[in-house]
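Just below is one structure, and these are the notes that go with it.
Note that the coordinates shown come from a computational prediction; the quantities given were computed from them, not determined experimentally.
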Amino acid sequence: KGHFVAATALFASLVACSAHADPRKLGCLTIEAVDEKADYPELADAVATCIDQEDYVKAAPLYAMARVYALYDSSRVTDRTGIGAARLLMEALIAKIAPAKVSAFNQYQTAEIYNKPAGRLALCNVLAGRTPPAAVPQYMITHGLDSFRHDAPQPLKASFHPAPGWKDA
């Protein structure tokens with residue numbers, strides 16, 4: 001019962017945070033236009049913006065990029081309980097979009113990214129050639145259970161190496 005209450009509180013705080021946070025608004029853009037300052041919440045917002053504008057050509061690669069950012073971020077935080085924040089944030093943003101648009105995006109993504117090896121390879125090559133994100137993943141740190149502890153460890157792994165971490169993501 002205690003875990004359910006904690007999970008419910010975490011979800012409520014995440015939705016509230018996503019509604020009141022002031023991330024940079026990137027708008028709907030190509031992955032090539034995303035700068036090194038971008039973080040996962042900004043990318044998630046950009047994905048939702050593209051889906052809402054029915055620009056699936058930009059939304060699908062941005063979604064893949066956002067997922068890679070989330071994987072990278074999850075590999076460098078010490079508190080594993082905050083990792084679900086990425087999925088919850090994306091779900092909260094996409095839940096605000098008309099279901100028909102989300103369905104059309106999923107169909108496009110399946111047809112043009114998942115079912116086309118050449119498209120996946122090109123996307124992977126673009127992402128692999130990028131510099132790892134420099135932003136501290138506050139969205140994961142803030143929503144992990146360690147953020148409620150007075151004796152919490154450092155939020156980022158001291159032994160983390162960005163280049164190999166980015167390659168693994």
Side-chain angles (χ1 to χ4, degrees), residues 7 9-53 55-97 101-102 105-106 109 113-114 120 123-148 152-158 160-169:
L10 174 65
F11 180 75
S13 71
L14 183 62
V15 172
C17 177
S18 70
H20 302 304
D22 193 19
R24 239 176 1 146
K25 296 290 185 184
L26 301 178
C28 182
L29 69 169
T30 65
I31 60 172
E32 293 83 8
V34 174
D35 65 30
E36 288 77 25
K37 294 182 229 166
D39 63 10
Y40 178 84
E42 293 168 345
L43 290 175
D45 184 70
V47 169
T49 299
C50 288
I51 294 171
D52 194 45
Q53 293 175 4
D55 191 342
Y56 310 128
V57 171
K58 291 178 185 168
L62 274 174
Y63 181 82
M65 177 182 253
R67 296 279 300 141
V68 170
Y69 271 52
L71 287 169
Y72 178 77
D73 288 345
S74 69
S75 69
R76 59 192 182 127
V77 295
T78 56
D79 181 4
R80 309 294 295 162
T81 63
I83 291 171
R87 182 180 51 81
L88 292 174
L89 177 57
M90 185 69 78
E91 287 176 1
L93 290 169
I94 290 178
K96 298 175 185 177
I97 302 170
K101 292 179 181 181
V102 175
F105 165 70
N106 288 332
Q109 183 173 247
I113 304 290
Y114 297 134
R120 279 195 320 272
L123 179 57
C124 286
N125 287 336
V126 168
L127 293 174
R130 294 184 58 89
T131 303
V136 174
Q138 288 296 335
Y139 69 102
M140 283 186 182
I141 294 167
T142 305
H143 294 92
L145 295 178
D146 278 355
S147 67
F148 299 101
Q154 290 296 319
L156 297 178
K157 295 176 183 174
F160 183 77
H161 298 289
W166 182 244
K167 184 178 179 185
D168 289 345

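- Checked against the 6.0 Å centroid criterion, the rings of Tyr72 and Phe160 qualify as a close aromatic pair.
- Arg80 and Ser74 make their closest contact through NH1-O, 2.6 Å (heavy atoms, listed as atom of the first residue, atom of the second, distance).
- Between Tyr40 and Tyr139, the ring-plane angle classifies as parallel under the 30° and 60° cut-offs.
- Here the closest heavy-atom approach between residue Ala70 and residue Ala86 is recorded as CB-CB, 3.7 Å.
- Two residues are said to be in side-chain contact when any heavy atoms from C-beta on lie closer than 4.5 Å; Arg130 and Val68 fail this criterion.
- Rounding to the nearest 0.5 angstrom, the gap separating the OH atom in Tyr69 from the CG atom in Leu43 is 5.5 Å.
- In this structure, CD in Glu32 is found 8.0 Å from CE in Met65, a value given to the nearest 0.5 Å.
- The backbone N or O of Ala48 sits nowhere less than 3.5 Å from a side-chain atom of Asp45 that would complete a donor-acceptor pair.
- For the atom pair CG (Leu123) and CD1 (Ile113), the distance works out to 5.5 Å, reported to the nearest 0.5 Å.
- Annotation for Ala135 and Lys37: closest pair CB-O, 4.3 Å, computed over non-hydrogen atoms.
- Taking CG from Leu62 and OH from Tyr56, the interatomic distance works out to 14.0 Å, rounded to the nearest 0.5 Å.
- Crowding of Arg76 atom CZ: a count of heavy atoms from other residues, nucleotides or ligands under 6.0 Å exceeding 12.
- Between Gln53 and Lys58 there is no side-chain heavy-atom pair separated by less than 4.5 Å.
- Rounded to the nearest 0.5 angstrom, Trp166 CH2 and Thr131 OG1 are separated by 9.0 Å.
- Scanning all heavy atoms of the two residues, the minimum distance from Met90 to Ala66 falls at CE-CB, 3.9 Å.
- For the pair Gln138/Ile141, a side-chain contact is recorded, criterion being any heavy-atom separation below 4.5 Å from C-beta on.
- Contact detail for Ala38 and Pro133: the closest heavy-atom pair is O-CB, 4.3 Å.
- Side-chain atoms of Val47 and Leu93, non-hydrogen and from C-beta on, never get closer than 4.5 Å to each other.
- Interatomic distance, Gln109 CD to Ile51 CD1, rounded to the nearest 0.5 Å: 7.5 Å.
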